[in-house]
Amino acid sequence: QVQLVESGGGLVQAGGSLRLSCAASGRSFSLYRMGWFRQAPGKEREFVAHINASGRSTNYADFVKGRFTISRDNAKNTVYLQMNSLKPEDTAVYYCAAYSGGYIYTEARRYEYWGQGTQVTVSS
């Protein structure tokens, strides 16, 4: 069982930056693959980024490549999402999620555990 709590969201102007954090509690955080998803009003939840258990492998949605960076600190049981060059279309609730397994998944249904989300609003 893993409990996830996101933080770091807020209001930022276009072109600005935010760093989201997701603190995990429970057993064996370092064994879980982690992902960030987002959901804008009236839209489906969409994949943003994935990181493997060791932190050495990452994957991104095309629309955030070069702007967002996912990382993790297993000693602190925390995964991060550094978001730079933010755009108004990045406005959404951002969720972190976790699953155990050997494959890279971008589908939300594959993730076992979810945080409550943190709001990111980018003004133009």
Item to check | Side chain Asn52, main chain Gly55, donor-acceptor under 3.5 Å | outcome: yes
Checklist entry - Between Glu6 (side chain) and Gly117 (backbone), is there a donor-acceptor pair under 3.5 Å? => result yes
Checklist outcome for this item: Hits for salt bridge (Lys or Arg N to Asp or Glu O under 4.0 Å) against Lys65, two or more places apart or cross-chain, chain-then-number order -> Asp62
Checklist outcome for this item: Those residues at least two apart in sequence (or on a different chain) that pass salt bridge (Lys or Arg N to Asp or Glu O under 4.0 Å) with Arg67 are Asp90
Next on the checklist: For the CD1 atom of Ile104 and the CG atom of Asn59, what is their distance to the nearest 0.5 Å?
Outcome noted: 4.0 Å
Checklist entry - Rounded to the nearest 0.5 Å, what separation is found between the OG atom of Ser30 and the CG atom of Asn77? => result 7.5 Å
Suppose we screen for side chain to side chain donor-acceptor pair (under 3.5 Å). Which residues come up paired with [X], at least two apart in sequence or across chains?
X     : answer
Ser85 : none
Asp73 : none
Ser17 : Asn84
Ser25 : Gln3

Checklist entry - So if you build clusters from Ile, Leu, Val, Met, Phe, Trp, Tyr with side-chain heavy-atom gaps below 4.5 Å, do Val64 and Ile51 land together? => result yes
Checklist entry - Given the rule that I, L, V, M, F, W and Y join up when any side-chain heavy atoms are under 4.5 Å apart, are Leu86 and Tyr80 in one cluster? => result no
Next on the checklist: Which residues pass the side chain to side chain contact (heavy atoms under 4.5 Å, CB included) test with Val120, not counting sequence neighbours?
Outcome noted: Leu18, Leu20, Met83, Tyr94, Val122
Next on the checklist: Using the side chain to side chain contact (heavy atoms under 4.5 Å, CB included) criterion, which residues pair with Ser123? Sequence neighbours excluded.
Outcome noted: Leu11, Gln13
Item to check | Hydrophobic cluster (4.5 angstrom, side-chain heavy atoms) - remaining members for Val5 | outcome: none
For residues [X] and [Y], report the shortest heavy-atom separation together with the two atoms involved.
X     : Y     : answer
Ile70 : Trp36 : CD1-CD1, 3.5 Å
Met34 : Ala98 : SD-CB, 3.4 Å
Thr91 : Ala40 : O-CB, 3.7 Å
Arg38 : Glu89 : NH2-O, 3.9 Å
Ala53 : Arg33 : N-CG, 4.2 Å

Next on the checklist: Does any part of the side chain of Tyr95, heavy atoms only, come nearer than 4.5 Å to the side chain of Leu4, both counted from C-beta?
Outcome noted: no
Checklist entry - How would you list all residue pairs meeting side chain to side chain donor-acceptor pair (under 3.5 Å) that involve residues 105-115, not counting sequence neighbours? => result Ser100-Glu112
Item to check | Qualifying disulfide (SG to SG under 2.5 Å) pairs with a residue from residues 30-124, counting only residues at least two apart or across chains | outcome: Cys22-Cys96
Checklist outcome for this item: In short, ring pair (Phe, Tyr, Trp, His ring centres under 6.0 Å) pairs touching residues 44-79 with sequence neighbours left out are Phe37-Phe47
